[in-house]
K.L.:
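One structure, as structure tokens, below. Some questions next.
For ligands, and for the atoms within them, numbers begin at 1 and follow the listed sequence. Keep in mind that what you see is a predicted model, and the values were worked out from it rather than measured. Excluded from the calculations below are hydrogen atoms, water molecules and symmetry mates; all remaining heavy atoms, backbone and side chain alike, are included.
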Amino acid sequence: MAITHNLGFPRIGKNRELKFALEKYWRSDISQDTLQQQGELLRKTHWQQQANLDYLPVGDFSFYDHVLDTSALLGNLPARASQEGNTLDRYFQVARGRSAASDCCHQIAAGEMTKWFDTNYHYIVPEFDENTEFSLHADVLISQIKEAKQHNQQIKPVLLGPVSYLWLGKSKDHTEKLSLLDNVVAVYEQLLLRLAEEEIEWVQVDEPILVTELDSAWQHGLKQAYFSLSKAPVKLLLTSYFGELKENLHFACELPIAGLHIDTINAFSEIEKVVDWLPSHKILSLGVIDGRNIWKTDLNACLDWLEPLAERLQARLWLAPSCSLLHVPVDLNSETDLDEEIRSWLAFAVQKLAELEVLATALNQGVLSVSEQLQDNAAAILSRQQSKRVHNPAVKIRVAGIDSEIVNRNSVYQNRAEIQRDIFNLPLYPTTTIGSFPQTKEIRQARKRFRQGELDQAGYDDFIKNEIKLAISVQEEIGLDVLVHGEPERNDMVEYFGQQLEGYAFSQFSWVQSYGSRCVKPPILYGDISRPAPMTVDWAIYAQSCSDKPVKGMLTGPVTILNWSFVRDDQPRSETCLQLALAIRDEVLDLEKHGINIIQIDEAALREGLPLRQSQWQAYLDWAIYSFKVSANGVQDKTQIHTHMCYSEFNDIIAAIAEMDADVITIETSRSDMELLDVFNDFNYPNEIGPGVYDIHSPNIPTVDAIVSLMEKAAQRVPAERLWVNPDCGLKTRQWAEVKPALETMVAASRVLRQAKSV
Ligand code: GLN
Ligand code: ZN
């Protein structure tokens, strides 16, 4: 009998109920009791949606983040959180710097936030120092277990494992994280005892670090931790996900645990090895449904390889999604506006669990018992495989025809720079911005009225043109050197392009949690990509017509579009990326043809796509950088290509960034006091660079002195002739009242720098 379970369910709610409740609570519009009731209701609903599973996950719900929950569970919220007040408020303080609107006097530095492995989910980084102590605070988990017990199913609490917990955290002093292991494991031991008192049989312990490159100290940490925990009176199901176990495979199989979960979507080639290595008293949980993407599983193909394994493993086989379903939207049934054909190819969390049930029933009761479901599934899979909307032969031919000819600029940077200097005649330390200007209430309203048909196309276009004109005139007044149109027509830098490309579909409700109450709705890239018509050219032409100064054309790069979408899984990502690259290339060449001489191609998400294992980075960078070059490098020498990245921790990928050969790159550096530019001491970056001089995430207005001093530091690493002055990132989230003085200061600082250089 194959057993079914789930590693975690999306917590945000089908209609983002959790988001709205949280934000109301933070605004002090609802009481904490009301928020707690909403949480309870969501958990109940989610358990009902998992009613067919053999084991219900408990502890996967969170009011903000499960890593922060673990810090709370282990008594490791940072000491700066106020010691009074109730636990949930302290928890929110750490999550976001304050608990509620009324909590004006208890603002603290929020916990640092970072990406959860290679997903777009962000967790609050646990903090450690020499005073760190752990103690058990299991009330929240225990009360949820009691709630779950009302559901007449077996319950499986979900914990983040002690070793991954330490690994994900940050030592604030010189404390060695692994030196805390014994203490943290001792609390887990108490916790497991407590769970046994609740008559819990199985506990899921997530150790996703098993798919990363671990040194021997961390491997040893895992052995030590699970040796101690093996004495607990519960069975541990150790889960790995997001990748292959590789060199960790043998010892993961041999850890003293009762069961192991592997992600067969990402580690298909390891299934046999794990089956061979796993001692015969342990259960094997196979993650057979993709928990990270939204496509239907090919159930018949899955059964083909699963049936012999089920035969071999018998009662030792468990089935689950590959990872927590946190990373997919809740319920496809909400998507009433989605095209029927495309809809038939998709499965969200609820549908994925139904797929799991079909698989288990087929194994347990024979395929005939689910023949109808299997037939329907086969028809959907076939329809997607053969659909003309997925396959566009012309696109495939064009990608196959890409050769090195079209990938490189005609001349090297030095020669191009000379030509460009003559054309643009820019001063030393030229000033520019990253693209967007404030997305005001008026802009959002106009967009909404246009969407709802209250504003016609002509009216909307006039509105946008007016916004562009305003943005240009403000920039001229401020005295910036290279202007932007301000992106008023874009709601989102990926969605805007996706909506104009063939091969993309858009959902209405497929929200996925990004952090706390924030959700994203990635567009769905389902088919071969082509660009039926220019996407930005009219706006760019109009913007340039408003000024004698150069106005940058503004595009999102292929790698960023790819990394921020749900991407088809029927061909390599590299292939899809090249299709996007060709579409952007066409746009770049159209812009150039229409007299746009400076074109920025944002690759904000290039770094995010890096694989979890460093040994696989180069392969990714090779195709990612190649795609960028396909999109950018078809232009003439006189056309200046800019790119922008929202980070500057690229010491480890600087060679790849240089390889892109953009004439100018703007990056984020202000918060690190230009220290991140140290990479340029060792690496001779050949082209121009604009290190962001102020942090756009903060409402604070920078001072001239601060900017001058930052740029002086930058000039110690990169010659002044190759430096630009710009903010860290786009300004869409700011108010005009902040943007104007900040940019005025930036321009003033740049004048000071020029003068200093000319005397
Ligand atoms: N051009 C975009 C903007 O200014 C870039 C945004 C980003 O890097 N995330 O908004
Ligand atoms: Zn940015």
K.L.:
Measure the spacing between NE2 of His642 and OG1 of Thr432 and express it to the nearest 0.5 Å.
P.N.:
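His642 NE2 to Thr432 OG1: 6.5 Å, rounded to 0.5 Å.
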K.L.:
Please compare Glu487, His642, Met493 and report which has the shortest non-hydrogen distance to atom 6 (C) of ligand 1.
P.N.:
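Answer by nearest heavy atom: Met493.
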K.L.:
For the residue pair Asn563 / Arg607, report whether a side-chain donor-acceptor contact shorter than 3.5 Å exists.
P.N.:
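No, no side-chain donor-acceptor pair sits under 3.5 Å.
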K.L.:
Check each atom of ligand 1 against the heavy atoms of Asp602 and keep those under 4.0 Å away; list them by number with element.
P.N.:
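Taking each heavy atom of Asp602 in turn, ligand 1 has 1 (N), 2 (C), 5 (C) under 4.0 Å.
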K.L.:
Any idea which atoms of ligand 1 are less than 4.0 Å away from a heavy-atom of Cys729?
P.N.:
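Listed by number with element, the hits are 7 (C), 8 (O), 9 (N).
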K.L.:
Considering only the protein, which heavy-atom contact is closest to atom 9 (N) of ligand 1, and what is its distance?
P.N.:
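The closest heavy atom on the protein side is Cys646 SG, 3.3 Å.
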K.L.:
Could you tell me which atoms of ligand 1, counted from 1 in the order shown, lie closer than 4.0 angstrom to a heavy atom of Gly435?
P.N.:
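In order of number, 4 (O).
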K.L.:
Quick test of your reading of the model: are Arg292 and Asp569 salt-bridged, counting only N-O distances below 4.0 Å?
P.N.:
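No, no charged N to carboxylate O under 4.0 Å.
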K.L.:
Within the 3.5 Å criterion, strictly below it, is a donor on Thr431 or Asp481 matched to an acceptor on the partner's side chain?
P.N.:
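Judged by distance alone, the side chains do pair up.
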K.L.:
Do Asp528 and Gln579 get their side chains close enough for a donor-acceptor pair, meaning under 3.5 Å?
P.N.:
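Checked: Asp528/Gln579 side chains pair up, N/O donor to acceptor below 3.5 Å.
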K.L.:
Between Gln500 (side chain only) and Tyr496 (backbone N and O only), is there a donor and an acceptor less than 3.5 Å apart?
P.N.:
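Here the side-chain-to-backbone pair exists.
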K.L.:
Distance under 4.0 Å to a non-hydrogen atom of Gly730: what atoms of ligand 1 satisfy this?
P.N.:
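Per the distance check, 3 (C), 4 (O), 10 (O).
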K.L.:
Does any N/O atom on Lys732 come nearer than 3.5 Å to any N/O atom on ligand 1?
P.N.:
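Looking only at distances, the answer is no, because the N/O contact criterion of under 3.5 Å is not met.
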K.L.:
Looking from the Zn ion (ligand 2), what is the angle between NE2 on His644 and SG on Cys729, to the nearest 10°?
P.N.:
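Centred on the Zn ion (ligand 2), the NE2/SG angle is 120° (to 10°).
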K.L.:
Taking non-hydrogen atoms only, is Met645 closer than 4.0 angstrom to ligand 1 via side chain, backbone, both or neither?
P.N.:
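The answer is neither.
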K.L.:
Is Asp678 paired with Arg717 through a side-chain N to carboxylate O contact shorter than 4.0 Å?
P.N.:
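Asp678 and Arg717: salt-bridged.
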K.L.:
In the protein, what heavy atom is nearest to atom 10 (O) of ligand 1, and what distance, to one decimal place, separates them?
P.N.:
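Of the protein heavy atoms, Ser436 OG, 2.7 Å lies nearest.
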